[in-house]
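One structure is given below, encoded as structure tokens.
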There are 2 protein chains.
Amino acid sequence: MDKKKRVTSYDVAKAAGVSQSAVSRVFLKGRSVSKKTREKVLTTANELGYKPNAIARMLITKRSGMVAVILSSRANINYPEVLSLLNKRLAECNERVLLFNLDDSEGLDEILEQIWTFQVDGVIALAAHFDNESIEKFKDHNIPVVLYNRVVLGQTASSVCVNHEQGIFQLVTLLDKQAHKDYLVLAGPTESDVANERLECAIKALSAKGHKDVPILYGDYSYDSGKQAFHQWMKDNKAPTAVVCSNDPMAIGVIDEARRNWGLRVPEDLSVVGFDGVSAVAWHSYQLTTVKQPLELMTKAAVDILLEQIETPDNPAQLRVWSGSLIEGNTVGPANPKT
Amino acid sequence: MDKKKRVTSYDVAKAAGVSQSAVSRVFLKGRSVSKKTREKVLTTANELGYKPNAIARMLITKRSGMVAVILSSRANINYPEVLSLLNKRLAECNERVLLFNLDDSEGLDEILEQIWTFQVDGVIALAAHFDNESIEKFKDHNIPVVLYNRVVLGQTASSVCVNHEQGIFQLVTLLDKQAHKDYLVLAGPTESDVANERLECAIKALSAKGHKDVPILYGDYSYDSGKQAFHQWMKDNKAPTAVVCSNDPMAIGVIDEARRNWGLRVPEDLSVVGFDGVSAVAWHSYQLTTVKQPLELMTKAAVDILLEQIETPDNPAQLRVWSGSLIEGNTVGPANPKT
DNA sequence: AATACTTTTGCATTCGAAGTCATTATTAAG
DNA sequence: CTTAATAATGACTTCGAATGCAAAAGTATT
């Protein structure tokens, strides 16, 4: 009385006095079935509690109805929200999310193995730092990929991105208007492509405003690393008047460290900007000035592009870039160097 | 040259000069294959790029290797971390996470439909408020379920929980030691079973210390709702000296509101405690006193129990409860009523 | 009422691996 | 060297739904 009691299309067919094909067709849209048999099948299916077996369907149709979503948990605090939005959007299109965590425990190779065997229809990769080699593998296996917030150089895979350059430029411009001279850049982990890009953009933007040779600190995107990096700097150097951080938690770490341990007021003595616009930024004592990513648009686009690639694999890869929107919080003020 | 080029076990068999069964056995552990054929098969499989098709395997073995994880995004800020831990642990046991979001968009019924058709091996439900009826349905379909942080009355499904009663009792005891008299309880959404349980525990614990008829405010677990609830209260009433909140973000909302708009110092004028021990609590300006859930243990147990139920479905359901650990932050101080 | 045309239907096959069982190769024991 | 026991192998069937195709039923036209 265990698993074998599952009702199959044959059972329904027999009970309804029709063929298995008929049952199958009833549960598929756009197949020609007479109203009479449709009803007959539907009622007996209901009585028996029949539900089509998705596995069997996958095997014959070669569509699994599953999309692999690969994420590296630490990389970006937005990911829970992104994941939820992606899931919702995919569900609307009848695709399910099969989750993969690209962390220390499971290497990329293991994950790729799994992805091949599970015959997923497509892959959405959240800023996991794929080498181009891995992306090529997806091509070999005919599995469409959409990269989320990752810049491709070879442009073999589609991707959706926030415009880091534009966003960071806005932030730097804001700071520059306040006549800041002593900058500090707090970059993310060097293994992360996104982090590196943000760093470059910051340097470029500052440079464009005439601020060359701005010192660079490195963190790992976490709150603690922001605190620590700023602490290290302050031990041996004089305070900057503005810190450009590669994400929000680090920025908040800097603010806390500055306020608590170095007697710096934000924004009076020190201006700090972040990036991403995570929801915690709204928490009151911070009111961080940052750039918010349009997550809804980006996730929707990621799904749309992926489905398009699934339907018509020959379509060329595409890149869609969104501008982030500046959120003027309360962490930027006029330059006020402490001598 | 599209999908049909997938290499099957037959292709490998032919190329290696053995039978399909042989190939199959090579990729299964514990089957008797001679070393010679194993190597032969393995090398040709490698050459051809053969990967076993998980879908076909699922169909015949009736094990999908997938576990459905159902979560409601808003309910608890811990969930991203829980999800990541569950995924990691399940991956170690060769199970994949198929994700379901129980939100406004997709109703429970749709999700259940999906779960039946996908033939998942089991389900982990994160505090989604299931009625007992739904749990019965899982029983009917022979799909083991483990509930995460949800109390079952009928006890037909296994569950892992943090001990709300004990945790909240610790917090209340801490406050009571500081001679607080004017309490406020900030409860979570009334639809949430967990929220209701936490509320009850708070009432009970306060009552045990001799504080009856403590006023109750309601929020929706979000930061904003905490702010707002406290704001509403303060408009018409005198300030309490202690607020017991049902989760951390609301507690932080209360703190911000109290500090910013009502000139209350925390912890000097107002003591606030939360619940959950989310990582953001470490952020410096807060240092919230709270109770932390042992997520690693709980997620590990959830997976272990689920797998056990999958292997031996006749085992009885079990309940495992963990004590949370008190985190003494800096938001609890001696009672200091403002007259 | 006979013809042509469209819609329904069922049969048989397919997807790709795994399990059953009988057969053969290999090793161990006598 | 024979017999008994074990290990390895392949032919065939199975899982459950989808689909091409041909036959059957239904509809429209004259």
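Scope of the values below: all heavy atoms of this structure, side chains included, with no hydrogens, waters or symmetry mates. Just so it is clear, the structure is predicted and the values come from calculations on it, not from any experiment. So you know, we letter chains A, B, ... as the sequences are listed, proteins then strands, and number each from 1.
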Tell me if the side-chain of Gln20(A) makes a donor-acceptor pair with the base of dA18(D), cut-off 3.5 Å, by modelled atom types.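 Indeed, a donor on one side and an acceptor on the other fall under 3.5 Å apart.
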
Is it the case that the base of dT19(D) and the side chain of Ser21(A) share a donor-acceptor contact (distance under 3.5 Å, atom types as modelled)?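 Answer is yes: a donor-acceptor pair is held.
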
Between Ser19(A) and Tyr10(A), which residue's closest nucleotide on DNA chain C lies nearer the 5′ terminus?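 The 5'-side residue here is Ser19(A).
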
Toward the 5' end of DNA chain C, which comes first, Leu59(B) or Lys36(B), by nearest nucleotide?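 Mapping each residue to its closest nucleotide by heavy atoms, the 5'-most match is Leu59(B).
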
Send over the distance from [X] [atom1] to [N] [atom2], rounded to a whole Å.
X         : N       : atom1 : atom2 : value
Phe27(A)  : dG16(D) : CZ    : C1'   : 13 Å
Arg63(B)  : dA17(C) : CZ    : P     : 19 Å
Ile60(A)  : dT13(C) : CD1   : P     : 14 Å
Arg57(A)  : dG16(D) : CZ    : C1'   : 11 Å
Trp116(A) : dG16(C) : CH2   : P     : 18 Å
Phe118(B) : dC15(D) : CZ    : P     : 22 Å
Arg38(B)  : dA7(D)  : CZ    : P     : 14 Å
Leu28(B)  : dA17(C) : CG    : P     : 11 Å

Check whether any side-chain N or O of [X] sits under 4.0 Å from OP1 or OP2 of [N], and answer yes or no.
X        : N       : result
Ser9(A)  : dA17(D) : yes
Thr8(B)  : dG16(C) : no
Tyr50(A) : dG16(D) : no
Ser24(A) : dA17(D) : no
Thr37(B) : dT9(D)  : yes
Arg31(A) : dT19(D) : yes
Lys62(B) : dG16(D) : yes
Arg25(A) : dG10(C) : no

Need one value for Val23(A): base, sugar-phosphate or nothing, where a base atom within 4.0 Å counts as base even if backbone is also close, heavy atoms only.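 Touches nothing.
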
Which sits closer to the 5' end of DNA chain D, Pro52(A) or Gly17(B), going by the nucleotide each is nearest to?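 That would be Gly17(B).
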
Using side-chain heavy atoms (C-beta onward) and a distance below 4.5 Å, is Arg38(B) in contact with Arg31(B)?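 Counting from C-beta outward, Arg38(B) and Arg31(B) never come under 4.5 Å.
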
Is there a donor-acceptor pair under 3.5 Å between the side chain of Thr299(A) and the backbone N or O of Leu295(A)?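 Answer holds: yes.
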
Between Glu136(A) and Lys139(A), is the closest basic N to carboxylate O distance under 4.0 Å?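 No.
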
Salt bridge Arg89(A)-Asp304(A), side-chain N to carboxylate O under 4.0 Å: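 Asp304(A) and Arg89(A): salt-bridged.
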
Parallel, tilted or perpendicular: ring planes of His141(B) versus Trp116(B), cut at 30 and 60 degrees: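 Judged by the thresholds at 30° and 60°, the geometry between His141(B) and Trp116(B) is parallel.
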
Report the distance from atom CG of Leu126(A) to atom CD1 of Ile70(A), rounding to the nearest 0.5 Å.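 The CG atom of Leu126(A) sits 8.5 Å away from the CD1 atom of Ile70(A).
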
Listed nucleotide nearest any side-chain atom of Ser32(B), set dA18(D), dG10(C), dA7(D):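 Nearest nucleotide to the side chain: dA7(D).
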
Closest to the Thr61(A) side chain: dA18(D), dA17(C), dG19(C)?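 Of dA18(D), dA17(C), dG19(C), dA18(D) is nearest to the side chain of Thr61(A).
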
